[in-house]
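So the structure is just underneath, and the comments pick up after that.
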Amino acid sequence: MIAAAEGAHADAHRTIERAARDSYGRLVAFLAARSRDVAAAEDALADAFRIALETWPRDGVPNQPEAWLLTAGRRRLLDQMRHAQVQIAALPELIAAANEAQNMIATGLTFPDERLKLMFICAHPAIDAAARTPLMLQTVLGLDAARIASAFLVKPAAMGTRLSRAKGKIRDAHIAFELPQSDDLPERLDAVLEAIYAAYGSGWDDVAGADPRRKGLAAEAIDLGRALLRLLPNEPEVSGLLALMLYCESRRAARRCARGEYVSLSEQDTALWSSDLIDEAGMLIDAASRARHLGRFQLEAAIQSVHAHRRSSGRIDWQAIALFYEALVRIAPTTGSLVGRAAAAAEALGADAGWNLLETIPADAVANYQSYWALAAHLLARMQRHDEARAAYDRAIGLCTDAATRGFLQQRAAALR
Amino acid sequence: MNYTVLIYESDTGFALRADPDTKKREAYWSAWPRYIQALQEAGVFVSGAGLEPVHTATTLKLKSGKQQVQDGPFADTKEQLGGFFVINVPDMDSALQWASRVPAASGSVIEVRQNLVPPTH
């Protein structure tokens, strides 16, 4: 009873926080698009946003959340203009933009959502690839540098510097706040999708608080995915990415047993999967497939949909998964997809077939890649090559970042003796 | 660039070394050499050591010309230094990557610092 009430309270809190982040992102995008100064736009809204996060959960979301945030933001800009302690070149543009925004809201016009432009700016080729995801999380969702740094295992001060440098680049290199031309769109969109998926990946190891050292950003990445889908409803890869994240998310409760131990995907109790998320993901990839334009994220989502199908069929169609992986490695031959293909081939055709594929991956790409060593150990054990299997288990265990996975592999390795 | 990874363990972490449950004890002892092996295979291992429990520590204080010897560790904190590694990696990001793989128990604290480079005169 108490747990349920607490859960409901946490849900309500999260809905309000989402509303605050939504309005904040829209305003930052609006102000930054007109002034090109992302940092100054964030700074203008920083106090208002902080107060909103504190008071809205208590008092409720205001009727006009953008107006609420903007009033305080405008006041701050005007103060800065009067006192001029800090020299912000874009101040006149920012004030003009804030006035424009306020007039729009006052006259009942729909406030434009320019977050898509902001997302494209964050994933612009001129921005350091490692800064793209953090930049998007900060400017679009208003996450602070410390939180982002923890999720990406980076020193918070260094993350702060990287973010400021990226914003400085947007301002000084005059990167335009506009949507890419249709020729550039697929490539530019890929960068946006990659950035969102990287945010999801940061939360992957963190299962139901299994590792308090890391707090992932899975929920935030899904929020970004949903926002992007509302802005680009007809891009099949956008649906594919959201479906992929939702499939993975649907299994959150099943990835650890009651004792906190790791449970592999094919052994998870499907009753613990979230039907709502699986159904939503299924509808998304069905809709995407109608566009008949296959891409990396649709394929990855399709692979997850085959796993999800075990819920009703009771079995995993490894042949189908192996085929999807074949297509995936043609489009996106990442180390992850190459290892995934080998795992699927091992299940569909036998351990030897999987091992042969695994052996084709260049050694330096997998030296510190934990999943590679875990799969290698598993396949070598199945092929009765016990000494090699033990060595591979040692490597996989040494590279673990998570106690539950480490424990699982230690048990497997001990069983070999 | 050399970085030192300092591992501060809680009482529960230290207790695992002599856990009555054989499985838990073995899991603790077998994880460390495998971590070191992963450091070595990656070519980043410089040195490292595990330390005997804190009650075995002896602290020497140098105070205005006098030496004072005390039983026990210097700092009276919940987590105590249990061991350290020195690794050679290009930057703090990589050092943190390796620190995240340290097989210390939940509740441990890991501090990463760059080794001091003496100024060149």
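Naming convention: chains lettered A, B, ... in sequence-line order (proteins, then strands); numbering from 1 in each chain.
No more than 12 heavy atoms of other residues, nucleotides or ligands lie within 6.0 Å of CZ in B/Arg113, so this atom counts as exposed by the packing criterion. Atom CG of B/Asp11 sits in a sparse spot, with 12 or fewer heavy atoms from other residues, nucleotides or ligands closer than 6.0 Å. Within a 6.0 Å sphere centred on CG of B/Asp76, other residues, nucleotides and ligands contribute 12 heavy atoms or fewer. Summarising the local packing, CG of B/Asp21 is surrounded by more than 12 heavy atoms from other residues, nucleotides or ligands at distances under 6.0 Å.
Among residues 39-52 of chain B, the residues having any heavy atom closer than 4.5 Å to a heavy atom of chain A are, in sequence order, B/Glu41, B/Ala42.
From B/Arg34, atom CZ reaches atom CG of A/Asp394 across 4.5 Å, with rounding to the nearest 0.5 Å. The structure places CG of A/Leu153 at 9.5 Å from CZ of B/Arg101, a figure rounded to the nearest 0.5 Å.
A/Gln410 is not listed as a side-chain neighbour of B/Lys23, based on a closest heavy-atom distance of 4.5 Å or more. Side chains of A/Val154 and B/Met92 form no contact here, defined as non-hydrogen atoms less than 4.5 Å apart.
In this structure, chain A has a heavy atom under 4.5 Å from the side chain of B/Trp98, while its backbone stays farther away.
Using a cutoff of 4.0 Å between basic side-chain nitrogens and carboxylate oxygens, B/Asp93 and A/Arg162 are scored as salt-bridged.
The most heavy-atom pairs under 4.5 Å with chain B, out of A/Gly407, A/Cys400, A/Gly398, A/Ala158, come from A/Gly398.
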